[in-house]
Amino acid sequence: MASEHVKGFIIDLDGTVYTGQQDIDGAIHGLRKLQQHGIPFLFLSNRGNYSRAMCKDKLAAMGIEVAAEQIVLSSTVTARYLRDHYPQDAIWTLGDPGLSEELRSHGLIIADKPEQAKWLVITLHESLTYEDLNKAFRAVRAGAQIIATNEDRMFPTEAGDCIDVAGMIGAIVYSTGVEVTKVMGKPLQIMADTALSILGLPAAECMVVGDSLASDVLLGKLHGMSTALVLTGSATRDDVERSEVRPDLVVESLAALIDQHLSYKR
């Protein structure tokens with residue numbers, strides 16, 4: 001299946017647009033082409049330790065300007081969920097500062113002490129200390145329910161794959177005996193619904209593009225969107241052959257996919 005029918009793109013970030021702090025060859029130029037041709041797209045990422053503002057600045061430094069509304073992170077979806085359902089509940093976080101920044105940007109309350117929190121939100125914490133873990137432990141022991149921005153086990157960096165949110169979840173769940181109440185992140189319905197509502201297109205006219213079979217490709221398959229796997233991140237062609245989750249397209253890069261798509265439009 002090619003992308004002739006596609007009117008909008010839902011694009012992953014890590015391993016698709018950039019790896020760590022380095023943009024992937026051709027990705028930024030390709031995104032600018034989408035802008036020039038008026039083709040709608042947004043970024044949908046399981047990153048929960050970034051805020052949209054941080055991500056927007058990171059992309060701008062790489063050479064692509066997008067609106068904050070075009071960036072949907074698992075921290076964003078978590079914030080929207082808590083704002084819509086528990087707007088008065090105090091929150092404690094286990095994660096990098098970008099998570100708290102995103103929660104506050106949605107008008108949510110960060111507790112002064114872990115024992116005051118009704119919710120513990122867990123995401124990636126790349127500067128994790130024992131004190132951070134222990135405060136999260138205390139929040140749950142005092143009655144806080146747990147939300148995880150996603151359950152990813154690893155993410156790609158310039159130095160290789162690194163432990164992701166699953167490691168933070170495991171530490172708290174195993175030590176407290178309390179299970180996670182709610183998980184956000186791809187490939188769950190809440191991520192697909194949020195992305196489609198912002199993009200303003202039906203699922204059948206959208207393509208999910210990313211480097212993960214388990215989150216990006218499965219998201220598209222579960223929710224009626226076409227899919228393209230890029231080989232610039234965690235997955236390989238061998239992984240595709242071994243997987244029951246098969247993308248509609250396998251391409252070398254985001255840039256190659258965009259060039260292919262634009263060639264159909266000529």
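Computed from heavy atoms alone, side chains included, the values below leave out hydrogens, waters and symmetry copies. All residue numbers in this chain count up from 1 along the given sequence.
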Next item on the list: Give a yes or no on whether a salt bridge exists between Glu252 and Arg237, defined as a side-chain N under 4.0 angstrom from a carboxylate O.
Entry: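 Salt bridge flag = yes for Arg237 with Glu252.
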
Notebook entry, point to check: Do Arg153 and Asp161 meet the salt-bridge criterion of a basic N to acidic O distance under 4.0 Å?
Noted result: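 No.
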
Next item on the list: Can you measure from CG (Asn150) to CG (Leu73) and round to the nearest 0.5 angstrom?
Entry: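 Those atoms lie 11.0 Å apart.
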
Next item on the list: Please round to the nearest 0.5 Å and tell me the distance separating atom CG of Leu229 and atom CG of Asp239.
Entry: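 Rounded to the nearest 0.5 Å, the CG-CG separation comes out at 8.5 Å.
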
Note to self: Could you tell me if Lys58 sits above the aromatic ring of Tyr50, with its cationic atom closer than 6.0 Å to the ring centre and no more than 45 degrees from the axis?
What the structure shows: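 Pair Lys58/Tyr50 does not count as cation-pi.
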
Main-chain N/O of [Y] paired with [X] side-chain donor or acceptor, under 3.5 Å:
{"X": "Ser197", "Y": "Thr194", "value": "yes"}
{"X": "Asp211", "Y": "Val230", "value": "no"}
{"X": "Glu151", "Y": "Ile169", "value": "no"}
{"X": "Ser243", "Y": "Val245", "value": "yes"}
{"X": "Gln70", "Y": "Phe41", "value": "yes"}

Check: Around Arg141, counting heavy atoms of other residues, nucleotides and ligands shown, do more than 12 lie under 6.0 Å from its CZ?
Finding: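 Atom CZ in Arg141 is not packed in, count stays at 12 or less.
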
Check: Are there more than 12 heavy atoms of other residues, nucleotides or ligands under 6.0 Å from atom NE2 of His29?
Finding: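 No, because the 6.0 Å sphere around NE2 of His29 holds 12 heavy atoms or fewer from other groups.
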
Check: Going only through I, L, V, M, F, W and Y residues with side-chain contacts under 4.5 Å, is there a path from Val66 to Val209?
Finding: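 Yes, one cluster joins them.
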
Next item on the list: Tell me, please, which residues at least two apart from Glu126 pass side chain to side chain contact (heavy atoms under 4.5 Å, CB included).
Entry: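 For Glu126, the residues satisfying side chain to side chain contact (heavy atoms under 4.5 Å, CB included) (neighbours in sequence not counted) are Arg47, Asn49, Asp96, Leu124, Phe155.
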
Checklist line | Test side chain to side chain contact (heavy atoms under 4.5 Å, CB included) applied to Ala203 - qualifying residues, sequence neighbours left out | finding: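 For Ala203, the residues satisfying side chain to side chain contact (heavy atoms under 4.5 Å, CB included) (neighbours in sequence not counted) are Leu196, Met225.
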
Next item on the list: Start with the C-alpha gap between Thr93 and Ser100, add the side-chain angles, then the distance that decides, and say whether side-chain hydrogen bond (donor to acceptor under 3.5 Å, both in side chains) holds.
Entry: CA-CA 7 Å; Thr93 64; Ser100 295; 3.2 Å; yes

